[in-house]
Amino acid sequence: MNMDDFICHPLFLRNMELVFATNNKHKLEEIQNALGDKLKLLSLKDISFFEEIPEDFETLKENAQQKARHIFDRYKINCFADDTGLEIDSLNGAPGVYSARYAGESCSFEDNVQKVLKELDGVKNRKAQFRTVISLILNGKEYFFEGSVNGEILTENQGVGGFGYDPIFKPIGFDKSFAEMGLDEKNKISHRGRAAQKLVDFLLNQ
Ligand code: IMP
């Protein structure tokens with residue numbers, strides 16, 4: 001091992017098991033991509049957890065905390081969870097914490113997108129932001145990291161990549177939607193990418 005490897009891969013990180021408490025493979029892929037090979041994340045599947053984790057709260061922070069605590073209480077393992085919301089100015093911050101189920105309990109990503117497009121039909125102010133809060137439980141202590149990105153809601157789907165509201169979200173300073181970006185490009189500027197970067201910086205400084 002050369003010195004660079006040692007600096008980039010502290011023993012602490014290489015020996016650590018860190019669970020990302022999510023069932024969303026896109027999110028897992030995005031955060032693993034942000035971490036690179038510094039640390040291999042375990043998914044819920046990897047620890048044989050196949051239940052839905054409750055999200056009962058009205059804020060992203062409390063929901064992220066609830067998800068991380070749910071896994072920590074069961075397995076006593078280092079873990080983190082995220083909660084994300086799309087906050088649209090002219091809808092007074094909706095769908096916000098209800099982003100996943102905006103069009104109803106078992107709705108699809110496309111159902112949610114169509115609901116937003118309908119509500120913004122003819123609306124001029126299309127400003128919005130994505131916000132992510134990550135809750136980490138490391139050696140029994142809790143930490144929080146937040147990331148956000150400003151943008152606007154398009155008038156129709158653009159692109160087929162990503163997930164969720166990606167086809168209708170165009171970040172400020174770009175002329176394409178998140179769904180038209182590769183993973184690396186999205187990660188550099190996205191809400192989750194920014195929160196994940198703070199998580200990585202924190203872990204590397206332990
Ligand atoms: P969650 O509660 O953190 O899983 O996120 C709530 C919902 O927000 C998801 O079901 C997606 O519809 C949406 N969402 C979360 N992250 C993203 C993203 O990076 N792009 C687009 N939509 C997202």
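Values below: all heavy atoms of this structure, side chains included; hydrogens, waters and symmetry mates excluded. All ligand and atom numbering here is 1-based and tracks the order in the structure.
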Please table the atom pairs, donor to acceptor, closer than 3.5 Å between any side-chain atom in residues 158-172 and protein atoms at least two apart or in another chain.
unit_1: Gln158; atom_1: NE2; unit_2: Glu180; atom_2: OE1; d: 3.0
unit_1: Tyr165; atom_1: OH; unit_2: Ser99; atom_2: O; d: 2.6
unit_1: Asp166; atom_1: OD1; unit_2: Lys186; atom_2: NZ; d: 3.3
unit_1: Asp166; atom_1: OD2; unit_2: Phe163; atom_2: N; d: 3.0
unit_1: Asp166; atom_1: OD2; unit_2: Lys186; atom_2: NZ; d: 2.9
unit_1: Lys170; atom_1: NZ; unit_2: Phe174; atom_2: O; d: 3.2

Practice task
Establish, for the pair Lys61 and Phe144, whether the NZ or CZ atom is under 6.0 angstrom from the six-membered ring centre and no further than 45 degrees off its axis.
Solution key: yes

Handout entry: Within 45° cone and under 6.0 Å: Lys76 NZ/CZ vs Phe72 ring
Key = yes

Handout entry: Residue among Leu199, Leu136, Ile134, Asn63 satisfying side chain to side chain contact (heavy atoms under 4.5 Å, CB included) with Asp82
Key = Ile134

Problem - All side chain to side chain donor-acceptor pair (under 3.5 Å) counterparts of Lys188, not counting sequence neighbours - result: none

Please report, to 0.1 Å, the donor-acceptor pairs under 3.5 Å made by any side chain of residues 116-125, with sequence neighbours excluded.
unit_1: Glu119; atom_1: OE1; unit_2: Tyr102; atom_2: OH; d: 2.5
unit_1: Glu119; atom_1: OE2; unit_2: Tyr102; atom_2: OH; d: 3.4
unit_1: Asn125; atom_1: OD1; unit_2: Lys127; atom_2: N; d: 3.0

Fill in the blank from the handout: In chain-and-number order, ligand 1 lies under 4.0 Å from a heavy atom of each of Lys27, Glu55, Asp83, Thr84, Ser99, Ala100, Phe109, Phe130, Phe163, Gly164, Tyr165, Asp166, Lys186, His191, Arg192

